[in-house]
**Student:** 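Starting off with a structure, shown below.
Computed from a predicted structure; not experimentally measured. Protein chains get the first letters and strands the later ones, always in sequence-line order, with residue 1 at the start of each.
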Amino acid sequence: MRRLSIVAIAGATGTGKTGAALRLARAFGAGVVNFDSRQVYRSIPLVTAQPSLEEQEVCPHRLYGFLELTEAMHAARFAGLAHEALAETADQGLLPVLVGGTGMYLKAILQGLSPIPDIDPDVRERVLAECAQKGSDRMHAILVSVDPEAAARIHPNDSQRICRALEVYRSSGRPLSDWQRQKGEAPPYRVLKIGLHRDLDELTVDLARRIDSMLEQGALYEIRAAWKEVPDRTVPGFSGIGCPELLAHLHGDCTLKEAGAMWLKNTRAYAKRQITWFKRDSEIIWRAPSDLSGLEELVGNWLDSGEDRAGAGENQ
RNA sequence: GGAGGGGUUCCCGAGUGGUCAAAGGGAACAGACUGUAAAUCUGUCGGCGGACGCCUUCGGAGGUUCAAAUCCUCCCCCCUCCA
């Protein structure tokens with residue numbers, strides 16, 4: 001992997017990351033690489049707030065809207081795709097700019113993941129079935145006996161992580177905690193992390209506005225079409241906020257107004273989780289979306305300082 | 001006008017003499033997080049104090065009782081039904 005200089009723009013949903021990225025595209029000739037776990041789905045660009053076609057015309061955009069609703073994504077797979085996309089962007093002579101809101105994906109890209117092998121699908125299915133039957137408490141007790149270290153870290157109610165740990169053990173024959181001792185390899189990137197932060201209450205006002213605007217632009221129509229394509233609510237693509245709410249309305253379970261209220265509530269809660277995640281990252285340089293005036297200077301200086309040290313050619 | 005039902009902590013909602021600052025859910029706040037991560041999960045959640053505790057709270061005002069959100073009286077408001 002080459003030593004690329006890349007900019008990462010992080011922040012909660014609706015803080016204007018796309019806009020900030022386009023500023024960099026205009027100023028430096030950048031290419032955007034997504035790191036958002038839901039914006040990868042093809043059939044639901046509006047509901048997942050993918051950059052519009054006009055926005056995507058400003059510069060090359062990668063890893064948006066390429067996946068079928070039925071297909072699952074996960075951090076390791078995404079990181080692999082992102083490395084390719086970053087390299088391709090650099091090959092075009094553009095500054096790669098990672099943009100997104102999935103903290104774990106960004107971490108997987110920038111720090112790497114432990115080299116845990118893929119899980120045998122049969123094992124996975126059996127574990128999930130067993131958990132559904134026995135409940136997370138008893139599954140946790142089982143985990144204690146095979147991987148006490150992981151069990152100590154995972155709460156007995158956290159069925160998702162308990163199942164993951166058990167899957168890894170049963171599928172690979174080694175405890176998850178054992179695998180995780182081997183840290184992932186961080187790529188040799190030189191990274192500038194920029195975070196966009198807004199007060200949550202202020203952000204919520206805009207999130208409400210954005211939902212109204214999505215509905216005006218045909219979010220309901222988009223979901224109806226997606227449902228026609230894949231009439232299954234449990235499919236990975238429909239797990240993004242907005243989908244379950246709109247599907248509930250389409251099935252007559254609630255009014256559109258109620259669906260909108262739920263959508264907003266869930267989006268706000270999600271934004272809160274994103275803020276919690278990113279604020280722990282001490283490498284992030286925070287900016288207010290209302291004042292991005294120094295952004296180009298910040299990035300420009302950072303690029304210059306890197307060239308001095310690493311010499312020419314690192315970026316092309 | 002008559003007959004019922006109801007007003008509970010930010011919201012919904014349990015609670016019908018003590019074990020009630022009051023179940024449960026939601027919201028909110030704080031947090032965790034290496035392969036589902038827009039997921040999953042945790043803690044706090046009337047005020048003050050380290051705990052024991054003290055103070056304020058269950059529409060309002062009185063009363064009964066050692067003790068009331070819970071019983072009685074009157075008053076205010078809401079809903080349903082009959083007129």
**Student:** Under 4.0 angstrom, heavy atoms only, what part of the nucleic acid is A:Trp179 near: base, sugar-phosphate, or nothing?
**Tutor:** nothing

**Student:** Of the candidate nucleotides B:U42, B:U36, B:A38, which contains the atom at the shortest distance from the side chain of A:Arg124?
**Tutor:**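 Within the option list, the nearest is B:U36.
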
**Student:** Could you check whether A:Thr267 gets within reach of a base, just the sugar-phosphate, or nothing at all, counting any heavy atom under 4.0 Å?
**Tutor:** nothing

**Student:** With ring centroids as reference points, do A:His83 and A:Tyr189 lie under 6.0 angstrom apart?
**Tutor:**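 Yes; A:Tyr189 has its ring centre under 6.0 Å from that of A:His83.
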
**Student:** Roughly how many Å is it from NE2 in A:His155 to P in B:U40, rounded to a whole number?
**Tutor:**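 Going from A:His155 (NE2) to B:U40 (P), I get 15 Å.
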
**Student:** What is the distance from CD of A:Glu258 to P of B:G26, rounded to the nearest Å?
**Tutor:** 17 Å

**Student:** In whole Å, measure the gap between the C1' atoms of B:A14 and B:U70 for me.
**Tutor:** 13 Å

**Student:** Starting at CZ of A:Arg210 and ending at C1' of B:A38, how long is that distance when rounded to a whole Å?
**Tutor:**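 Roughly 10 Å, once rounded to whole Å.
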
**Student:** Pairing check on B:G1: which nucleotide meets the Watson-Crick or G-U wobble criteria with it, both distances under 3.5 Å?
**Tutor:**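 B:C82 is the nucleotide pairing with B:G1.
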
**Student:** Could you tell me whether the phosphate oxygens of B:A27, OP1 or OP2, come under 4.0 Å of any side-chain nitrogen or oxygen in A:Lys272?
**Tutor:**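 No, outside the criterion.
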
**Student:** For the aromatic rings, using the six-membered ring if either is Trp, is the centroid distance between A:Trp263 and A:His249 under 6.0 Å?
**Tutor:** no

**Student:** Output the rounded distance in Å from CZ (A:Phe78) to P (B:A38).
**Tutor:**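 One finds 10 Å between P of B:A38 and CZ of A:Phe78, rounded.
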
**Student:** For B:C75 and B:C81, measure between their C1' atoms and round to the nearest Å.
**Tutor:** 24 Å

**Student:** Do A:Glu216 and A:Ser213 have side-chain N/O donor and acceptor atoms under 3.5 Å apart?
**Tutor:**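 A:Glu216 vs A:Ser213: no donor-acceptor pair found between side chains.
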
**Student:** Taking B:C58 as the reference, what is the distance to B:A23 when you measure between their P atoms (whole Å, please)?
**Tutor:** 16 Å

**Student:** At less than 4.0 Å, is any side-chain N or O atom of A:Arg164 found next to OP1 or OP2 of B:C41? Yes or no.
**Tutor:** no

**Student:** Let's see if you can work this out: which of B:U34, B:C33, B:U36 has an atom nearest to the side-chain heavy atoms of A:Ile116?
**Tutor:**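 Among the listed nucleotides, the one closest to the side chain of A:Ile116 is B:U34.
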
**Student:** Which part of the nucleic acid, if any, lies within contact of A:Pro117, taking any heavy atom under 4.0 Å across all strands shown: a base, the sugar-phosphate backbone alone, or nothing?
**Tutor:**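 Nothing, no heavy atom under 4.0 Å.
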
**Student:** Among B:A30, B:C33, B:A37, which is the nearest nucleotide to the side chain of A:Ser37?
**Tutor:**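 Of the candidates, B:A37 comes closest.
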
**Student:** Report yes or no: is there a donor-acceptor pair, N or O only, under 3.5 Å between the side chain of A:Ser114 and the base of B:U34?
**Tutor:**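 Indeed, a donor on one side and an acceptor on the other fall under 3.5 Å apart.
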
**Student:** With respect to the phosphate group of B:A38, does any side-chain polar atom (N or O) of A:Asn266 fall under 4.0 Å of OP1 or OP2?
**Tutor:**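 Negative; the distance criterion is not met.
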
**Student:** Out of B:A38, B:C29, B:G35, which nucleotide sits closest to the side chain of A:Arg268?
**Tutor:** B:C29

**Student:** Between B:A27 and A:Lys265, is there an OP1 or OP2 to side-chain N/O distance shorter than 4.0 Å?
**Tutor:**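 Answer yes for this pair, as a side-chain N or O of A:Lys265 is under 4.0 Å from OP1 or OP2.
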
**Student:** Counting Watson-Crick and G-U wobble pairs only, both distances under 3.5 Å, name the nucleotide matched with B:A30, or none.
**Tutor:**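 Here B:A30 is engaged in a pair, and the nucleotide opposite it is B:U42.
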
**Student:** Nearest to the side chain of A:Lys107, which nucleotide is it out of B:U34, B:A37, B:C33?
**Tutor:** B:U34

**Student:** Whole Å only: how far is the CD atom of A:Glu167 from the C1' atom of B:G35?
**Tutor:** 10 Å

**Student:** Given the C1' atoms of B:C48 and B:A61, what is the spacing between them in whole Å?
**Tutor:** 29 Å

**Student:** Between B:U42, B:A37, B:A32, which nucleotide has the shortest distance from any of its atoms to the side chain of A:Arg280?
**Tutor:**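 Closest of the options to the side chain of A:Arg280: B:A32.
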
**Student:** Taking the P atom of each, how far is B:C10 from B:G59, in whole Å?
**Tutor:**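 The answer is 12 Å between these two P atoms.
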
**Student:** Using a 4.5 Å cut-off on heavy atoms from C-beta on, say whether the side chain of A:Phe66 contacts that of A:Leu81.
**Tutor:**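 Side chain of A:Leu81 against side chain of A:Phe66, heavy atoms only: contact under 4.5 Å found.
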
**Student:** On a whole-Å scale, what distance lies between the C1' atoms belonging to B:G13 and B:G6?
**Tutor:** 13 Å

**Student:** Checking base pairs now: Watson-Crick or wobble, both atom distances under 3.5 Å. What partners B:G24?
**Tutor:** B:C12

**Student:** Applying a 4.0 Å non-hydrogen cut-off, can you work out what A:Gln39 is touching in the nucleic acid: base, sugar-phosphate, or nothing?
**Tutor:** base

**Student:** Would you please indicate yes or no on a ring centroid separation below 6.0 angstrom for A:Tyr105 and A:Phe35?
**Tutor:** no

**Student:** Atom CG of A:Leu166 and atom P of B:U36: how far apart are they, to the nearest Å?
**Tutor:**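 It works out to 14 Å between those atoms.
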
**Student:** Here's a test of your reading of the structure: between A:Gln274 and A:Leu113, which maps to the more 5' nucleotide of RNA chain B?
**Tutor:** A:Leu113

**Student:** Could one point to a donor on the side chain of A:Arg161 or the base of B:C33 with an acceptor on the other under 3.5 Å away?
**Tutor:**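 Donor-acceptor pair under 3.5 Å: yes.
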
**Student:** Please work out if A:Tyr105 contacts a base, only the sugar-phosphate, or nothing of the nucleic acid, heavy-atom cut-off 4.0 Å.
**Tutor:**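 Sugar-phosphate only.
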
**Student:** More 5' along RNA chain B: A:Asp118 or A:Trp263, using each one's nearest nucleotide?
**Tutor:** A:Asp118

**Student:** Compute whether any side-chain donor of one residue and acceptor of the other, for A:Thr89 and A:Arg62, lie under 3.5 angstrom apart.
**Tutor:**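 The criterion, which ignores hydrogens and geometry beyond distance, is satisfied for A:Arg62 and A:Thr89.
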
**Student:** For A:Met262 and B:C11, what is the distance between atoms CE and P respectively, to the nearest whole Å?
**Tutor:** 20 Å

**Student:** Please state the C1' separation for the pair B:G31 and B:C45 - nearest whole angstrom.
**Tutor:** 14 Å

**Student:** Using the P atoms only, state how far B:G15 lies from B:G5, rounded to an integer number of Å.
**Tutor:**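 B:G5 and B:G15 have their P atoms separated by 15 Å.
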
**Student:** Please check if the number of heavy atoms outside A:Glu71 that lie under 6.0 Å from its CD is greater than 12.
**Tutor:**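 Yes, because the 6.0 Å sphere around CD of A:Glu71 holds more than 12 heavy atoms from other groups.
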
**Student:** Figure out the CZ/P separation between A:Arg38 and B:U40, and round it to whole Å.
**Tutor:** 10 Å

**Student:** Taking 4.0 Å as the cut-off, does a side-chain nitrogen or oxygen of A:Gln180 come that near to OP1 or OP2 on B:G35?
**Tutor:** yes

**Student:** Quick one: do A:Arg170 and A:Asp120 make a salt bridge, cutoff under 4.0 Å?
**Tutor:**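 Salt bridge absent between A:Arg170 and A:Asp120.
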
**Student:** Which part of the nucleic acid does A:Gly101 contact within heavy-atom distance under 4.0 Å: base, sugar-phosphate only, or nothing?
**Tutor:**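 Here A:Gly101 touches the backbone only, sparing every base.
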
